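These notes are about the structure you will find just below.
The chains referred to below are lettered A, B, ... by the order of the sequence lines, with proteins before strands, and numbering in each begins at 1. All figures in this text were calculated on a predicted structure; none of them were measured in a lab.
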Amino acid sequence: MEETRSKLQTQPLGWWVRSHGCNELSLEHDDLEVCLMGWVQYRRDHGGLIFIDLRDRDGLTQVVFTPDVNAQALEEAHALRSEYVLAVKGVVRKRPEDMVNPSLLTGEIEVAVRDFKLLNRSRTPPFLIEDRVEAAENLRLKHRYLDIRRPAVAKNLRLRSQVVHEIRNYLHTAGFIEVETPVLTRSTPEGARDFLVPSRLSHGHFYALPQSPQLFKQLLMCAGLDRYYQVVKCFRDEDLRADRQPEFTQVDMEMSFVEEEGIMSEAENMIAGLFKKVLDVKLETPFLRLNYSQAIADYGLDRPDVRFDLTLRDVTDVVRGSRFNLFARAELVKALRVPGGAELSRKEIDDYTDFVSIYGAKGLAWIKIKDDEWQSPIAKFLSPEEQEGLTDVLGLEAGDIVFFQAASPEVVNNALGYLRLKLGERFGLIPENTFAPIWIMDFPLLEWDADEKRWEARHHPFTSPRDGHMELLEKEPGLALARAYDMVINGQEVGGGSIRIHTRDDQEKMFAALGMDLQESRNKFGFLLQALDYGAPPHGGIAFGLDRLVMLMAGCSSIRDVIAFPKTQKAACLMTDAPAGVSNRQLRELGIRLREAENKPQD
RNA sequence: GGGGCCGUAGUUAAGCUGGUUAUAACGCCGGCCUGUCACGCCGGAGGCCGCGAGUUCGAGUCUCGUCGGCCCCGCCA
């Protein structure tokens, strides 16, 4: 099959040197002898005349084989096919007047081929290397090197490179020192599941891949480096999502002798500068700020999309004494008013009811405000006073629809919070090409783990409580607030950080509050406690999720689109087939025997 | 661990309440063509309908299981 494609022999590059890229030539190069190298994008074989669009990472240039320039080359060029790799020497010439291709940057010229070399052949690719053809994602991932040849994918990687470059540039200028921290480190409790690496030299012992360089960067502050940053891979063995991969990249920073303001202003200047330089988008600084509790109250979520205005309202008091039992008894009742929402069909409302059920909602109450009446399955249960109260609190007008959730705060806020996003889309309330950054602050320090029946650090156990809140840990741990902050853009959490605990005393108190006894905390975090004991400066930092940030800037909806070689939802790499089995010899060296091998019958 | 969507030529899809030989476009192969640009024209090849059971006279179509991909809940900052 391959033989039929071409009898043309491939040749070594020899002394040929590329003179230009495929997006570079224009009328000002007229008559110039050039040498281009690239792939065959399209071939238009007219028999006595052949056009080839030669592609490299930058663009396309039309090269033309004609008998009057080189008849031999024309003869050979009949054998060229898609994705063959060529080196072409020729002369730049102006195209005939009405033959200009305005959709090509190089569309005013063409290169008349004097000589060419076939550098490599190609099998017919499994999918067309074109932006307008969307092949199935598993196919694209299996042949990712072909997928990346598509300009849209390459463009994302180039954007990512620009972003990292600007970040490094900014931080370097601002006096940050880039330091690499270990990838083979020790497993620490809390947080996500670790990826483990067995030790050959110490059987039965394991390294863990870092979930983040958190402890190392704090130790670098103890070391007096003052300002640290790193663009670093982090690893978390948890289930994947469109915005979550098992290995992902953080822009990790830490600063000494600063408090919230110092870190946040540096971080938002960096981000604003980035958007300006890379996208030419101006973000107003300082960014808006919102308390966690206010974010939950207004938006239901701790990463609100503030590009549009719909907000939730607490109407618990209005319906407290209602004949409608569900409302009267619920711990929390909130309403979401959608102006113009009365146009929603019954089918759409049913779909929204299904939608909120995934967040634990048992149903979705609604009222359509018509000119003369309230159209609703629940209106009849509401007294005139309650109706008046709702009209007042919500500012109801004819044409509106109001959705209600009455349940636990968690269910109410999640259900209405995500419903708000859905409705924002449905009613076209979300402006495109807009970036709305916002800081979320004053997070609770701890979070109740219902399964484990204990308090856990919401951020991580090194986060400092607000002044005076350390004392709350014993009596009212749920009320203690953290000196933590998240940066949210368009409803995406792109970064988060905190002021750290920098005294041994406080850090031990914190561990104790998390149910760790002295022995245990010294065992696991002895090195940190010691470092804090030797004059640790006050410090804090922030880490950005680079993949999410680039995804946002690229306008993609999955971080896979901005990662060169991403993994599937089962954390597999379809190209290399990782993860894969290993030989018994490798296992033996590591002192490992698989449990399944003992149970499974030998075949 | 759970819910939803999907799997048919190389690719993207169509295939109705089960019924003759499984369609189309693009791609691929061969031929013709000196101004195309996603060239055009003529001809051709190409299928384990993801895999395995079951129901049925008969399964791409229905049922169950399984594998894989995507989205989500849980999990994860």
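- The side-chain hydrogen bond (donor to acceptor under 3.5 Å, both in side chains) pairs that include a residue from residues 480-490 of chain A are A:E259-A:R483, A:E260-A:R483, where partners are two or more places apart or lie in different chains.
- When the P atom is compared between B:rG60 and B:rC49, the two are found 8 Å apart, to the nearest whole Å.
- Among the atoms of the strands shown, none is found under 4.0 Å from any heavy atom of A:R193.
- Under the Watson-Crick or G-U wobble criterion, with both distances below 3.5 Å, B:rC5 is paired with B:rG69.
- Qualifying salt bridge (Lys or Arg N to Asp or Glu O under 4.0 Å) partners for A:D442, counting only residues two or more places apart in sequence or in other chains: A:R466.
- Atom CG in A:D354 sits roughly 18 Å away from atom P in B:rC72 (whole-Å rounding).
- Toward the 5′ end of RNA chain B lies the nearest nucleotide of A:T568, the other residue of the pair A:T568 and A:Q250 mapping further downstream.
- For B:rA77, the OP1/OP2 oxygens have a side-chain nitrogen or oxygen of A:Q211 closer than 4.0 Å.
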>> One character per nucleotide, please: for nucleotides 4-13 of chain B, 5' to 3', B when the base has a protein heavy atom closer than 4.0 Å, S when only the sugar-phosphate does, - otherwise.
In response: ------SSS-

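- B:rC16 and B:rG74 are spaced 38 Å apart, taking the P atom of each and rounding to whole Å.
- Within 6.0 Å of the OH atom in A:Y207, the count of heavy atoms belonging to other residues, nucleotides or ligands does not exceed 12.
- For the pair A:Y418 OH and B:rG3 P, the computed distance is 21 Å after rounding to whole Å.
- Which of B:rC71, B:rC75, B:rA77 sits closest to the side chain of A:H459 comes down to B:rA77.
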Using nucleotides 37-42 of chain B, report all nitrogen or oxygen pairs with the protein that are shorter than 3.5 Å.
| residue | atom | partner | partner atom | Å |
| --- | --- | --- | --- | --- |
| B:rC37 | O4' | A:R44 | NE | 2.9 |
| B:rC37 | O2' | A:R44 | NH1 | 3.4 |
| B:rC37 | O2 | A:Q62 | OE1 | 3.3 |
| B:rC37 | O2 | A:N101 | ND2 | 3.1 |
| B:rC37 | N3 | A:R95 | NH1 | 2.6 |
| B:rC37 | N4 | A:R95 | NH1 | 3.4 |
| B:rC37 | N4 | A:M99 | O | 2.3 |
| B:rA38 | O4' | A:R132 | NH2 | 3.2 |
| B:rA38 | N9 | A:R132 | NH2 | 3.4 |
| B:rA38 | N1 | A:R132 | NH1 | 2.6 |
| B:rA38 | N3 | A:R132 | NH1 | 2.7 |
| B:rA38 | N3 | A:R132 | NH2 | 2.8 |
| B:rC39 | OP2 | A:R44 | NH1 | 2.9 |
| B:rC39 | N4 | A:D45 | O | 2.7 |

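- Not counting sequence neighbours, A:H78 has no partner by the ring-ring contact (aromatic ring centres under 6.0 Å, His included) test.
- Applying the ring-ring contact (aromatic ring centres under 6.0 Å, His included) criterion to A:Y299, with sequence neighbours excluded, gives no partner residue.
- Atom CD of A:E134 has more than 12 heavy atoms from other residues, nucleotides or ligands within 6.0 Å.
- Under the Watson-Crick or G-U wobble criterion, with both distances below 3.5 Å, B:rU20 has no partner in any strand shown.
- Among pairs with a residue in residues 48-65 of chain A, those fulfilling side-chain hydrogen bond (donor to acceptor under 3.5 Å, both in side chains) read A:Q41-A:R55, A:R44-A:D53, A:R44-A:Q62, A:R55-A:E83, A:D58-A:R158, A:Q62-A:E110, at least two apart in sequence or across chains.
- One can find a donor-acceptor pair under 3.5 Å joining the base of B:rG35 and the side-chain atoms of A:R93.
- Under the 3.5 Å distance criterion, the side-chain polar atoms of A:N70 are matched with a main-chain donor or acceptor of A:R114.
- For A:R236 and B:rC76, a side-chain-to-base donor-acceptor distance below 3.5 Å is absent, hydrogens and geometry of angles not being considered.
- The partner of B:rC62 is B:rG54, by the rule that a Watson-Crick or G-U pair needs both atom distances under 3.5 Å.
- Within 4.0 Å (heavy atoms only), A:G360 reaches no atom of the nucleic acid at all.
- Residues forming a salt bridge (Lys or Arg N to Asp or Glu O under 4.0 Å) with A:R458 (at least two apart in sequence, or on another chain): A:D302, A:E447.
- For the OP1/OP2 pair of B:rG69 and a distance below 4.0 Å, the side-chain nitrogens and oxygens of A:K570 include no atom meeting the criterion.
- A donor and an acceptor atom sit less than 3.5 Å apart, one in the side chain of A:E110 and one in the base of B:rG35.
- Both distances falling under 3.5 Å, in either a Watson-Crick or a G-U wobble arrangement, occur for no nucleotide opposite B:rC49.
- Residues A:K567 and A:A192 each lie close to RNA chain B; by heavy-atom proximity, the contact nearer the 5' end of the strand is made by A:K567.
- Rounded to whole Å, atom P of B:rC76 lies 12 Å from atom CZ of A:R458.
- Non-hydrogen atoms lying under 4.0 Å from RNA chain B are contributed by A:R560, all within residues 543-564 of chain A.
- Checked against B:rA77, B:rG35, B:rC29, the side chain of A:R81 finds its nearest nucleotide in B:rC29.
- Using atom C1' as the reference point in both B:rG19 and B:rG27, the two lie 33 Å apart (nearest Å).
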>> Using the rule given for side chain to side chain donor-acceptor pair (under 3.5 Å), can you reason through A:D194 versus A:S187, listing the C-alpha separation, both sets of side-chain angles and the distance that settles it, and then say yes or no?
In response: CA-CA 7 Å; A:D194 284 320; A:S187 176; 2.6 Å; yes

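- For A:P67, whose side chain is taken as the heavy atoms from C-beta onward, the closest listed nucleotide among B:rU34, B:rG69, B:rC76 is B:rU34.
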N/O donor to acceptor pairs below 3.5 angstrom from side-chain atoms of residues 569-581 of chain A, sequence neighbours left out:
| residue | atom | partner | partner atom | Å |
| --- | --- | --- | --- | --- |
| A:T576 | OG1 | A:A578 | N | 3.3 |

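- Going from atom CG of A:L574 over to atom P of B:rC67 covers 16 Å, rounded to whole Å.
- Note: CD (A:Q569) to P (B:rC75) measures 17 Å, nearest angstrom.
- For the P atoms, the distance linking B:rC32 with B:rA38 amounts to 25 Å, nearest Å.
- Here A:D354 pairs with nothing under the salt bridge (Lys or Arg N to Asp or Glu O under 4.0 Å) rule; sequence neighbours left out.
- Between the CG atom of A:D252 and the P atom of B:rA77 there is a distance of 14 Å, given to the nearest Å.
- As rounded to the nearest Å, B:rG40 and B:rA25 have P atoms that lie 13 Å from one another.
- Under the Watson-Crick or G-U wobble criterion, with both distances below 3.5 Å, B:rG10 is paired with B:rC26.
- When the salt bridge (Lys or Arg N to Asp or Glu O under 4.0 Å) test is applied to A:R289, the partners found at least two apart in sequence or on another chain are A:E261.
- Distance, A:D239 CG to B:rG2 P: 12 Å, rounded to whole Å.
- Few gaps surround NZ on A:K524; more than 12 heavy atoms of other groups in view lie less than 6.0 Å from it.
- The phosphate of B:rG27 (OP1 or OP2) has no side-chain N or O of A:T124 nearer than 4.0 angstrom.
- Separation of the P atoms belonging to B:rC70 and B:rG31 is 42 Å when rounded to the nearest angstrom.
- Nucleotides B:rU66 and B:rG30, compared at atom C1', are 43 Å apart to the nearest Å.
- When side chains are defined from C-beta on, A:L421 counts as touching A:L301, because their heavy atoms get closer than 4.5 Å.
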